[in-house]
Amino acid sequence: MARRTRTRHLIELGGLVQKAGLVDLAADDRQVLYGAFLDIAMRMRSDEAAHATALFKRRGARAFADEAEQAAEADREKVRAAFRQRSDAE
């Protein structure tokens, strides 16, 4: 079971790489991606680690919140469209 859990965790992390747009930005170049991750790790190990971590966390939280709001708006629009379609049919 631990192997399955680890695999799921790694897949979710890969999803974050995709979600951030890094795969396309780096033209799927693993060296570029790995270098970027090493840069992030270096920043998080530096004297400015607390600042960098807080900044990354705020940006991530904001992005997740924006994505959730966009999804909620898309769902609301689907309901409005269904309601309009139903009203037009009557």
Side-chain angles (χ1 to χ4, degrees):
M1 189 61 146
R3 182 177 175 185
R4 183 176 293 183
T5 301
R6 180 179 181 276
T7 299
R8 179 178 175 88
H9 181 72
L10 293 174
I11 289 169
E12 288 171 352
L13 292 174
L16 291 174
V17 172
Q18 179 68 42
K19 185 179 276 214
L22 292 172
V23 176
D24 293 333
L25 288 171
D28 203 14
D29 186 328
R30 276 121 172 107
Q31 291 175 339
V32 171
L33 292 171
Y34 188 43
F37 297 142
L38 290 173
D39 186 61
I40 293 168
M42 182 180 69
R43 290 174 191 221
M44 293 178 77
R45 288 187 193 107
S46 74
D47 294 340
E48 300 293 323
H51 175 72
T53 301
L55 176 66
F56 296 152
K57 187 168 190 157
R58 277 194 312 271
R59 285 181 181 165
R62 189 176 321 126
F64 278 132
D66 289 348
E67 182 180 297
E69 180 55 36
Q70 289 172 358
E73 180 56 35
D75 288 344
R76 287 189 292 268
E77 185 53 40
K78 286 178 188 176
V79 170
R80 286 186 210 111
F83 182 75
R84 283 191 300 267
Q85 189 176 35
R86 188 173 177 182
S87 295
D88 291 345
E90 292 176 355

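In what follows, residues are counted from 1 in the order of the sequence shown.
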**Asked** With clusters built from Ile, Leu, Val, Met, Phe, Trp and Tyr whose side-chain heavy atoms come within less than 4.5 Å, directly or transitively, what are the remaining members of the cluster of Tyr34, listed by chain and number?
**Response**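 Direct or chained contacts put Tyr34 with Leu38.
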
**Asked** When clusters are formed from ILVMFWY side-chain contacts under 4.5 Å, directly or step by step, what else is grouped with Phe83?
**Response**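 Direct or chained contacts put Phe83 with none.
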
**Item:** Minimum heavy-atom distance Leu33-Val23, with the two atoms named
**Value:**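 Taking every non-hydrogen atom into account, CD2-N, 4.5 Å.
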
**Asked** Hey, is CZ on Arg30 packed in by over 12 heavy atoms from elsewhere, all under 6.0 Å?
**Response**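 Atom CZ in Arg30 is not packed in, count stays at 12 or less.
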
**Request:** Using the test side chain to side chain contact (heavy atoms under 4.5 Å, CB included), find all partners of Met42 that sit at least two apart in sequence or belong to another chain.
**Result:**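 If we apply the side chain to side chain contact (heavy atoms under 4.5 Å, CB included) test to Met42, skipping adjacent residues, the hits are Asp39.
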
**Item:** Set of residues satisfying side chain to side chain contact (heavy atoms under 4.5 Å, CB included) with respect to Ala52, sequence neighbours excluded
**Value:**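 Only Arg43, Phe56 meet the side chain to side chain contact (heavy atoms under 4.5 Å, CB included) criterion with Ala52.
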
**Message:** Test: side-chain hydrogen bond (donor to acceptor under 3.5 Å, both in side chains). Region: residues 3-12. Which pairs qualify, not counting sequence neighbours?
**Reply:**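 side-chain hydrogen bond (donor to acceptor under 3.5 Å, both in side chains) check on residues 3-12 returns Arg8-Glu12.
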
**Prompt:** Roughly how far, to the nearest 0.5 Å, is the CD atom of Glu77 from the CZ atom of Arg84?
**Reply:**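 Those atoms lie 5.0 Å apart.
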
**Message:** Rounded to the nearest 0.5 Å, what separates atom OG1 in Thr53 from atom CD in Glu48?
**Reply:**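 Reported to 0.5 Å precision, the distance equals 11.0 Å.
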
Scan the side chains in residues 57-68 for donor-acceptor partners under 3.5 Å anywhere in the protein, sequence neighbours excluded, and list what turns up.
from	atom 1	to	atom 2	distance (Å)
Glu67	OE1	Lys19	NZ	3.2
Glu67	OE2	Lys19	NZ	2.7

